[in-house]
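What follows is a set of notes on a single structure, which appears directly below.
Computed from a prediction, not measured in an experiment: that's the story for all the values here. Letters go in sequence order (proteins before strands), and every chain restarts at 1.
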Amino acid sequence: MWQIFHKLGSPKWFYGIASRLMPWLLWVGVALFIAGVIWGLAFAPPERLQGNSYRIIYIHVPAAFLAQSVYVMMAVAAVVTLVWRMKLADVFVKSVAPIGALLTFLALFTGAVWGKPTWGTWWVWDARLTSMLILMLLYAGAIALGRAIQDEKSSARAVAVLVLVGVVNIPIIQYSVEWWNTLHQPSTFKLTEKPKMASEMWVPLLMAILGLYMLFGWLACLRMQTEVLVREGRTRWVKELIQQGGTR
Amino acid sequence: MSEPLLQAVNLHCERDHRTLFRDLSFSILPATLTRVEGPNGSGKTTLLRVLAGLNDNADGQVLWHGEDRGASRESFLRNTLYIGHRPGIKAMLTPLENLQALTAGRGGCPDSALRQALAGTGLSGFEDIPCRRLSAGQQRRVALARLLVADEPLWILDEIFTAIDAQGVEALERLLVQRVAEGGSIILTTHHDLRVPGMERIRLGDSDHEEVSHGL
Amino acid sequence: MSEPLLQAVNLHCERDHRTLFRDLSFSILPATLTRVEGPNGSGKTTLLRVLAGLNDNADGQVLWHGEDRGASRESFLRNTLYIGHRPGIKAMLTPLENLQALTAGRGGCPDSALRQALAGTGLSGFEDIPCRRLSAGQQRRVALARLLVADEPLWILDEIFTAIDAQGVEALERLLVQRVAEGGSIILTTHHDLRVPGMERIRLGDSDHEEVSHGL
Amino acid sequence: MAFDSLEAFITMGGHGPYVWSCYFVFFALSLVLIQWSRVHRRFVLRTLARGYAEPDTAGTSRASADFARVDTSDH
Amino acid sequence: MRRSAMGSDLSAMKAVMLRDIKTSLRQPQDLLNPLLFFILVVMLFPLGVSPEVEFLQPAGGGILWVAALLSVLLSLDHLFRHDFDDGTLEQLMLQPQPLFLLVLAKSIAHWLLTGLPLVVLTPLLAVMVHLEGNSIGVLCLTLLIGTPVLSLIGAIGAALTLGLRSAGVLLSLMIIPLYIPVLIFGTGTVMAAAEGAAVAGQLALMGAFLALALTLAPFAAAAALRISLSNG
Amino acid sequence: MRRSAMGSDLSAMKAVMLRDIKTSLRQPQDLLNPLLFFILVVMLFPLGVSPEVEFLQPAGGGILWVAALLSVLLSLDHLFRHDFDDGTLEQLMLQPQPLFLLVLAKSIAHWLLTGLPLVVLTPLLAVMVHLEGNSIGVLCLTLLIGTPVLSLIGAIGAALTLGLRSAGVLLSLMIIPLYIPVLIFGTGTVMAAAEGAAVAGQLALMGAFLALALTLAPFAAAAALRISLSNG
Ligand code: HEM
Ligand SMILES: Nc1ncnc2c1ncn2[C@@H]1O[C@H](COP(=O)(O)OP(=O)(O)OP(=O)(O)O)[C@@H](O)[C@H]1O
Ligand SMILES: Nc1ncnc2c1ncn2[C@@H]1O[C@H](COP(=O)(O)OP(=O)(O)OP(=O)(O)O)[C@@H](O)[C@H]1O
Ligand SMILES: [Mg+2]
Ligand SMILES: [Mg+2]
């Protein structure tokens with residue numbers, strides 16, 4: 001156990017593994033995602049009530065789904081940072097937070113644009129939307145805090161504390177927002193109920209989600225590698241790596 | 001008598017990718033005065049904060065009475081006194097109230113003793129005036145009054161002579177010598193030319209790797 | 001040459017109903033170094049701030065080239081340099097940017113000269129690092145770098161030796177002597193044992209009224 | 001193909017602007033982040049490589065500080 | 001042994017609280033300021049939006065809660081900042097007592113000096129925005145339970161942003177997401193009361209929030225303090 | 001002689017503005033913070049009061065104005081505080097240029113860094129509280145004229161409360177009465193626009209406020225600074 005952790009914690013080991021993984025993540029991810037999106041855009045049948053506007057779903061749901069799970073991943077990494085003080089966990093948090101924030105923004109944006117034709121308004125203060133907005137604040141807080149603290153170790157631990165506190169709060173937020181919303185605004189639009197979808201609709205959706213996951217993995221690896229290079233710039237292995245042109 | 005109070009083992013600290021110290025090991029024995037030396041920016045303050053347990057960002061180990069400090073945290077804290085650049089004096093409180101608050105967590109101290117300590121630092125007559133109305137040197141003196149009542153075996157003092165006038169500096173030196181004679185240990189930094197017989201020295205800032213600053 | 005730059009006439013200042021100085025009169029001639037002396041809390045900082053025009057709460061008059069200072073405010077400000085306890089260094093800016101900003105209002109100074117001045121205070125290599133990442137002494141040095149390019153005839157310096165290491169103090173003393181030899185005037189406070197030939201002294205804190213502080 | 005013509009595909013039965021703007025923003029911002037990450041990485045690599053090429057000038061040859069006055073009269 | 005350690009813990013906590021309270025009472029504007037801010041924010045609504053009963057009565061409870069939340073939020077910056085600047089915090093960390101207890105003591109002092117006065121002032125302002133008797137009572141109760149939660153959670157944010165200059169609003173950014181559930185339940189309870197519904201269950205839920213915050217927040221804040229000081 | 005003095009005045013003002021802007025850009029959270037606070041306050045109303053269009057649409061303009069006012073208010077504390085703490089302000093006072101010009105430069109920098117970004121962000125938030133197209137335009141205009149007034153008047157309060165610790169909210173107390181006329185005219189104009197009335201006259205009046213503040217406020221602030229520093 002300790003051995004594995006030690007190894008996983010070694011930036012050098014990570015760098016090698018990531019280099020080998022990245023091409024696969026990238027190309028399989030691109031293939032799946034593009035195929036899913038094209039299928040969804042051009043070939044899936046139109047939806048009965050919403051017509052063609054529902055085709056936004058093929059980016060909206062993957063973005064929303066990933067936005068949430070990235071935060072959970074960050075929370076796991078935060079525990080690792082605090083308990084084992086593993087540098088790589090912090091590299092992960094720092095590299096991934098902007099991706100998560102962007103995905104959250106994209107989910108909000110696509111949702112808002114989708115809302116206009118379906119609900120007739122860009123924005124309603126609905127439970128799901130509101131908790132997504134709060135998620136974006138949580139991301140923004142983590143990024144801002146990480147930037148504000150210069151010292152690498154302090155910054156790592158501070159962000160980890162914040163992310164953890166945030167993750168404890170997510171279920172509370174979720175619950176309270178739903179409770180609040182159902183009290184005041186009988187939910188006109190049920191996001192929670194799965195529309196009965198034909199398989200031609202949900203298979204491409206699944207492909208898009210999986211593809212985006214892999215693309216996320218690729219981008220995360222890329223950014224983490226960069227961060228590792230910055231932090232380990234003065235170690236021998238990085239020097240050798242760069243001088244041998246091992247970084248392409 | 002010869003068992004070390006505090007041991008530093010292979011301390012290593014970087015800031016902004018400059019190595020301040022590396023593989024730094026030393027022991028602090030009872031009844032010794034140790035001075036950390038080095039030019040501006042060489043890492044003296046950083047080292048003292050690491051020793052006091054205020055800075056967790058250094059690698060290496062600090063042992064207290066031979067055990068890892070983390071394990072004996074309470075005993076370590078009870079037996080160490082740290083006075084830093086910013087000595088914890090509240091501008092809105094009077095010197096006496098400040099001392100009361102600072103000693104409360106360490107078993108407390110009767111007011112009469114505190115008043116006597118303040119008098120001993122030249123602050124009689126100022127005991128009940130808010131500290132913000134004192135001059136730079138007088139405020140430092142309030143913090144130093146703690147030394148007159150402290151019985152912790154280890155004192156960690158960062159630039160305590162700052163802003164103190166010539167007479168005060170002399171008296172303070174006598175206090176330190178006397179404390180060591182009583183068996184207490186002191187580790188300190190100062191740019192002042194300190195002369196205490198039998199003083200140990202830890203020199204920072206001459207590492208081959210990085211000359212931090214060559215003195216003006 | 002003998003017309004005084006600055007004259008203080010019957011200055012009187014109280015704080016908290018304690019008289020700090022009273023009927024204090026003196027002149028500052030060109031090419032002299034004047035040291036304000038006194039124990040902690042005797043009013044040195046207060047006096048310098050009154051002279052610099054930062055503190056209006058004192059009674060008495062300050063003359064600049066024989067005229068009332070209020071009347072010749074601009075000329076006074078242009079020809080005086082004040083460096084106090086808090087020297088106006090922004091933690092977020094680099095040493096170079098700090099110096100640029102500080103000299104801009106006084107005619108400016110080319111970057112090359114500023115860089116040279118920073119090098120002269122031992123900060124080469126640190127010119128472009130935000131000041132908050134410098135140590136206590138290094139930050140003070142940034143402020144002191146102004147002295148290397150300043151051509152104001154009168155310098156008012158409050159405890160400039162604070163936090164500077166031994167070598168730095170020596171070099172700084174040489175600078176002051178050289179400046180006086182060039183014809184500049186300096187008035188300063190320090191608890192450091194300053195030895196400059198021909199130094200003038202203004203002694204505070206021995207008023208019959210109040211012995212301010214008895215040393216530690 | 002769920003659409004009869006390319007035009008129908010573009011207009012999406014009146015929902016075209018919504019759908020396409022979503023897709024556009026999604027891909028545009030994603031590509032910006034990706035490209036920015038790659039540029040940053042290249043920048044880091046280049047900086048490091050340059051650092052190795054000219055070894056350790058920083059911090060070694062620091063002139064001893066002498067507090068010598070700087071001559072500014074020439075401007 | 002343990003017995004005496006507990007005694008020492010308690011007396012150390014008392015000393016910490018006393019120092020904070022004394023320091024605040026010595027500069028009473030510190031005490032008055034969150035209160036005044038509270039009043040001012042509430043006042044801005046009749047002025048900036050609409051002075052009519054039909055607007056103020058339904059919105060009043062929410063406005064008061066938002067104003068209280070903002071007041072507490074803005075007072076948070078002081079919670080540790082002065083202690084950090086003057087070195088008191090270093091000395092606190094070096095005390096032999098567990099740090100989280102001392103943080104708890106400071107949070108309680110903060111509530112006594114900020115939250116409690118807000119609660120006391122609430123009835124007056126509630127009348128000014130035309131709230132009704134029953135709602136006022138429930139509003140006070142929710143604030144009484146809610147403001148300590150705000151202080152406790154806020155301590156975490158204040159500790160995290162300590163070393164940083166101009167942390168004031170970074171703090172808001174980090175803390176508001178954590179405050180939103182409290183706000184939602186607080187105002188929800190008041191509105192339920194205004195509609196004549198039973199509120200005991202909701203109050204109990206807020207009590208559970210408080211219990212949770214009391215047990216967890218001081219640990220997180222203590223950890224955050226350690227980090228901020230390492231950097232100092 | 002006077003000619004060159006003016007040149008020196010201008011270049012000194014430029015240096016002051018540049019330093020402030022650089023310092024802010026160096027810590028971008030300083031820039032983002034008032035913005036985020038603006039967003040957060042606006043967000044709290046749907047959450048804390050009511051998420052329904054019937055409440056938000058009529059109240060929206062007022063809420064946005066109040067939020068902008070609070071954001072500017074809170075950012076004021078930074079206007080001189082850091083400069084005071086690190087001694088920059090002493091050096092500024094000792095510069096040979098007239099102090100009020102330097103204060104004016106600082107106020108302008110403050111607006112560029114705080115007020116202007118708020119105005120830019122307004123349309124987005126306006127949509128979220130369901131304001132309509134025309135009202136949004138007028139709202140932005142009123143904020144564009146109004147926020148510099150807030151910065152300029154605020155400088156006086158910031159200067160007066162400088163020497164005091166924890167002046168943050170004492171500042172609010174002093175400044176809000178001066179802000180209220182601006183607020184009332186600002187929201188009044190937006191509401192008139194929502195009802196389809198002409199607003200040119202009211203906008204002109206706000207312009208007059210701005211002109212007045214530009215000419216008078218820097219003098220008052222400079223005088224206040226001198227007083228605060230005497231006590232330092
Ligand atoms: C800004 C506005 C919106 C936001 C923030 C938002 C957010 C979300 C989130 C967080 C999910 C859950 C993803 C997951 O974890 O599986 C989701 C799913 C979904 N959203 Fe949205 N949404 C918005 C607008 C809309 C609109 C306007 C529609 C269409 C009427 C819509 C339809 C859906 C559907 C069909 C799903 C998948 C169903 C499910 O898995 O629960 N959303 N959205
Ligand atoms: N802000 C203040 N308000 C009221 N009184 C003050 C204030 N600052 C200083 N004093 C009082 O004025 C006296 C002189 O203070 P000043 O700072 O001028 O002393 P100093 O000679 O510079 O001392 P030091 O050597 O300690 O710096 C002090 O005794 C103090 O009591
Ligand atoms: N907050 C900080 N963040 C990053 N680096 C820092 C920080 N504080 C200090 N440093 C760096 O660490 C080095 C050592 O600083 P430290 O304060 O320990 O020096 P010092 O020996 O106490 O110097 P002085 O004699 O000037 O007090 C400095 O060169 C500085 O560049
Ligand atoms: Mg130091
Ligand atoms: Mg002094």
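- With chain E as partner, the option from A:Leu164, A:Leu135, A:Asp151, A:Ile170 having the largest number of non-hydrogen pairs under 4.5 angstrom is A:Asp151.
- Listed here is the closest heavy atom pair of E:Ser230 and A:Arg157: OG-NH1, 4.3 Å.
- The two residues E:Ala220 and A:Val165 have their closest heavy-atom pair at CB-CG2, 4.2 Å.
- Here the shortest heavy-atom pairing between A:Ala158 and E:Leu160 reads O-CD2, 3.6 Å.
- Looking at E:Ile153, neither its backbone nor its side chain comes within 4.5 Å of chain A, counting heavy atoms on both sides.
- Legend: residues meeting ring pair (Phe, Tyr, Trp, His ring centres under 6.0 Å) with E:Phe38, ordered by chain and number and at least two apart, are absent.
- The neighbour count for E:Met128 CE, taken as heavy atoms of other residues, nucleotides or ligands under 6.0 Å away, does not exceed 12.
- Contact detail for A:Gly166 and E:Leu178: the closest heavy-atom pair is CA-CD2, 4.3 Å.
- The heavy-atom pair separating E:Pro177 from A:Ile134 by the smallest distance is CB-CG2, 3.6 Å.
- Take E:Ser107 and apply the side-chain hydrogen bond (donor to acceptor under 3.5 Å, both in side chains) test, not counting sequence neighbours, and it matches no residue.
- Rounding to the nearest 0.5 Å gives a distance of 5.0 Å between CE of E:Met174 and CG of A:Leu145.
- From E:Ile175, atom CD1 reaches atom CG of A:Leu137 across 12.0 Å, with rounding to the nearest 0.5 Å.
- For the side chain to side chain contact (heavy atoms under 4.5 Å, CB included) with A:Ile172, the lone residue among E:Ile184, E:Leu212, E:Ile180, E:Val182 that qualifies is E:Leu212.
- Smallest separation of non-hydrogen atoms from A:Ala144 and E:Leu173: CB-CD2, 4.2 Å.
- For A:Asn169, the part sitting under 4.5 Å from any heavy atom of chain E is the side chain, from C-beta outward, and nothing else.
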